[in-house]
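In what follows, a single structure is set out as structure tokens and then discussed.
Sequence lines set the chain letters: A, B, ... in the order given, protein chains first and strands last, and positions in each chain run from 1. Values below: every heavy atom of this structure, side chains too, minus hydrogens, waters and symmetry copies.
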2 protein chains.
Amino acid sequence: MTASAARADTRPSPRKHAGNDAARRIDADEIGLDALVGHAGYAVRRFQIWIFQDFVRTLRAVDIRPTQYSVLTVIGANPGLSQMAVAKRLGIERARLVHLLDSLEQRKLVKRIKSKADRRSHALHLTAPGETALAKFKRLAAEHERHVEEKIGKANRERLLEILAGFT
Amino acid sequence: MTASAARADTRPSPRKHAGNDAARRIDADEIGLDALVGHAGYAVRRFQIWIFQDFVRTLRAVDIRPTQYSVLTVIGANPGLSQMAVAKRLGIERARLVHLLDSLEQRKLVKRIKSKADRRSHALHLTAPGETALAKFKRLAAEHERHVEEKIGKANRERLLEILAGFT
DNA sequence: CGACAATTGTTGTCGTCAACAACAATCTTC
DNA sequence: GAAGATTGTTGTTGACGACAACAATTGTCG
């Protein structure tokens, strides 16, 4: 079979785009997604990107990204945790957490205290400025959460949280 | 206020982990997430990671990742699209799409045909083997989707798709 | 007790992905 | 026809997940 350029006839009718290929401008919103609609993963991925971007935008003034926020929140609620414990709880590689904590420690938000019980591990604590900063971050995060509500609706947001409660 | 090491008293009761910091082993499932619970972004992120991994695992035999699958699906449903159109529709950077298509073209699943109408752009088509391969990918993707159903429940999956329909 | 396995933090590499910036070729617009 | 926009491409940067290796330390078990 030769792979010549003009074999646009035996295809099982792809629904859109009549006749002449690429002869006409196509707006992005008239392109069919076919099997993609109905895939939970695709919708979740697009939604996650949107949420992520809104979070970053909303917290840009304080320069805190979602992962950093999750680390600070967990340490704030459970002071004294080891890096392993935080990593496991948040599903972060402990290798990755090292860099995250390096950054947060440089910014004086977190401190690593050598544990006396297990001299391999560090007990993680918020600094005093870290605690006040986290309070501010939480206010901004709540604002971001309101954006989510505006986007998908208050009831839908709550249903979403219920459905995905098992993954937290 | 001095930031000395022994200031664990004036904190507003972090709920868990009584008394002596880091003196006791802590299981990951007894660590409180505090403000993280109630953040849609956190739950969605964790869920997205789970879905992603299951998709990759389910389609590992054919070596197709989620983004590649989405590209193939859109091209299959809308042959002749330009790279710009595909990128815009899927929310992919056009720079990123270049590499994706390079890979798919090397594997003879997709071909770029120089458009005569606009000689800057390429009309994207599936090859004949690309079409049959995509059919197989779709079967495997459907299997993955069943995994999602098992994980969160059939009804919840459908509610999820409704809630996030606006993002597709 | 002492050798050996496991854990903790760390460093490093690799590959995926989003976000930009710059560029040549080509189209559009005036 | 000149100026500006678009398309594909190349390259860089940074966040992130996955892995592998390592030193220091702890746990275990003979």
Side-chain angles (χ1 to χ4, degrees), chain A residues 22-28 41 45-46 48-57 59-60 63-71 80-88 90-105 110-124, chain B residues 22-28 41 45-46 48-57 59-60 63-71 80-88 90-103 105 110 112-124:
Chain A
R24 174 176 79 76
R25 252 317 175 336
I26 299 182
D27 290 8
R45 169 176 161 266
R46 298 299 298 259
Q48 207 264 334
I49 290 174
W50 184 90
I51 280 202
F52 198 85
Q53 288 173 338
D54 185 83
F55 189 99
V56 171
R57 200 180 323 126
L59 298 199
R60 177 148 43 198
D63 190 27
I64 286 291
R65 296 176 57 79
T67 314
Q68 296 175 313
Y69 179 74
S70 70
V71 170
L81 285 184
S82 70
Q83 297 186 193
M84 253 324 273
V86 171
K88 237 184 233 159
L90 291 178
I92 301 174
E93 286 276 321
R94 68 185 197 280
R96 168 122 191 77
L97 186 59
V98 171
H99 300 297
L100 285 169
L101 288 174
D102 284 349
S103 161
L104 294 175
E105 203 170 23
V110 164
K111 52 187 168 182
R112 291 187 247 223
I113 300 177
K114 271 181 272 192
S115 167
K116 293 186 180 177
D118 185 340
R119 282 159 51 215
R120 294 169 300 182
S121 70
H122 293 155
L124 301 175
Chain B
R24 174 175 80 76
R25 255 312 179 337
I26 299 181
D27 291 7
R45 169 174 161 266
R46 298 296 297 259
Q48 207 264 335
I49 291 174
W50 183 90
I51 280 202
F52 198 85
Q53 288 173 339
D54 185 82
F55 189 99
V56 172
R57 200 181 323 128
L59 298 196
R60 176 150 44 198
D63 190 28
I64 286 291
R65 297 174 58 79
T67 314
Q68 296 175 312
Y69 178 74
S70 70
V71 169
L81 284 185
S82 70
Q83 299 186 190
M84 253 324 273
V86 171
K88 238 184 233 159
L90 290 177
I92 300 174
E93 286 276 322
R94 69 185 196 280
R96 167 126 190 73
L97 187 58
V98 171
H99 301 297
L100 285 169
L101 288 175
D102 285 348
S103 161
E105 202 170 25
V110 165
R112 292 186 247 222
I113 300 177
K114 270 181 272 194
S115 167
K116 293 186 178 176
D118 185 340
R119 281 160 51 217
R120 293 170 301 181
S121 69
H122 294 156
L124 301 175

Between P of dG8(D) and CG of D102(B), the distance in whole Å: 13 Å

When you check the phosphate oxygens OP1 and OP2 of dT16(C), does a side-chain N or O of R65(B) lie under 4.0 Å from one of them? no

Would one find a side-chain N or O of Q83(B) under 4.0 angstrom from OP1 or OP2 of dT9(D)? yes

Is any side-chain N or O of T67(B) closer than 4.0 Å to OP1 or OP2 of dT16(C)? no

List in chain and number order the residues that pass side-chain contact (heavy atoms from CB on, under 4.5 Å) with R112(B), two or more places apart in sequence or in another chain; answer none if no residue qualifies. Q83(B), L101(B), D102(B), E105(B), H122(B), L124(B)

L97(B) CG to dT10(D) P, in whole Å, measures 13 Å

Which listed nucleotide (dT10(C), dA6(C), dA25(C)) is nearest to the side chain of R120(A)? dA6(C)

Counting distance only, does the side-chain N/O of R65(B) pair as donor-acceptor with the main-chain N or O of F55(B) below 3.5 Å? no

How many Å lie between CG on L90(B) and P on dA18(C), as a whole number? 11 Å

Find the distance H99(B):NE2 to dT10(D):P and express it as a whole number of Å. 7 Å

Check the distance between dA19(C)'s P and I92(B)'s CD1 and give it to me in whole angstrom. 12 Å

What is the separation between atom CD1 on I113(B) and atom P on dT7(D), rounded to the nearest whole Å? 19 Å

DNA chain C: 5'-proximal contact among K116(B) and V98(A) (nearest heavy atom): V98(A)

First locate atom OG1 of T67(B), then atom NE2 of H99(B), and finally report the distance between them rounded to the nearest 0.5 Å. 13.5 Å

Return yes if some donor-acceptor pair links the side-chain N/O of R94(B) with the main-chain N/O of K88(B) below 3.5 Å, else return no. no

Tell me, please, which residues at least two apart from E93(A) pass side-chain contact (heavy atoms from CB on, under 4.5 Å). R96(A)

Tell me which of R119(A) and H122(B) sits closer to the 5' end of DNA chain D, going by the nucleotide each one is nearest to. H122(B)

Roughly how far apart are S82(B) OG and D118(B) CG, rounded to 0.5 Å? 8.5 Å

Against the side chain of F52(A), the closest entry in dT11(C), dC16(D), dG9(C) is dC16(D)

Which of these nucleotides, dC16(D), dT26(C), dT8(C), is closest to any side-chain atom of L100(A)? dC16(D)

Separation of D118(A) atom CG from dG9(C) atom P, in whole Å? 8 Å

Value for CD (Q48(B)) from CZ (R45(A)), rounded to nearest 0.5 Å, stands at 8.0 Å

Name the pairs: protein N/O against N/O of nucleotides 18-22 of chain D, kept only if under 3.5 Å.
{"residue": "dA18(D)", "atom": "OP1", "partner": "Q53(B)", "partner atom": "NE2", "Å": "2.3"}

5'-most contact on DNA chain D: R45(B) or L101(B), nearest heavy atom basis? L101(B)

Whole angstrom value for the distance that separates P of dT25(D) from CE of M84(A): 19 Å

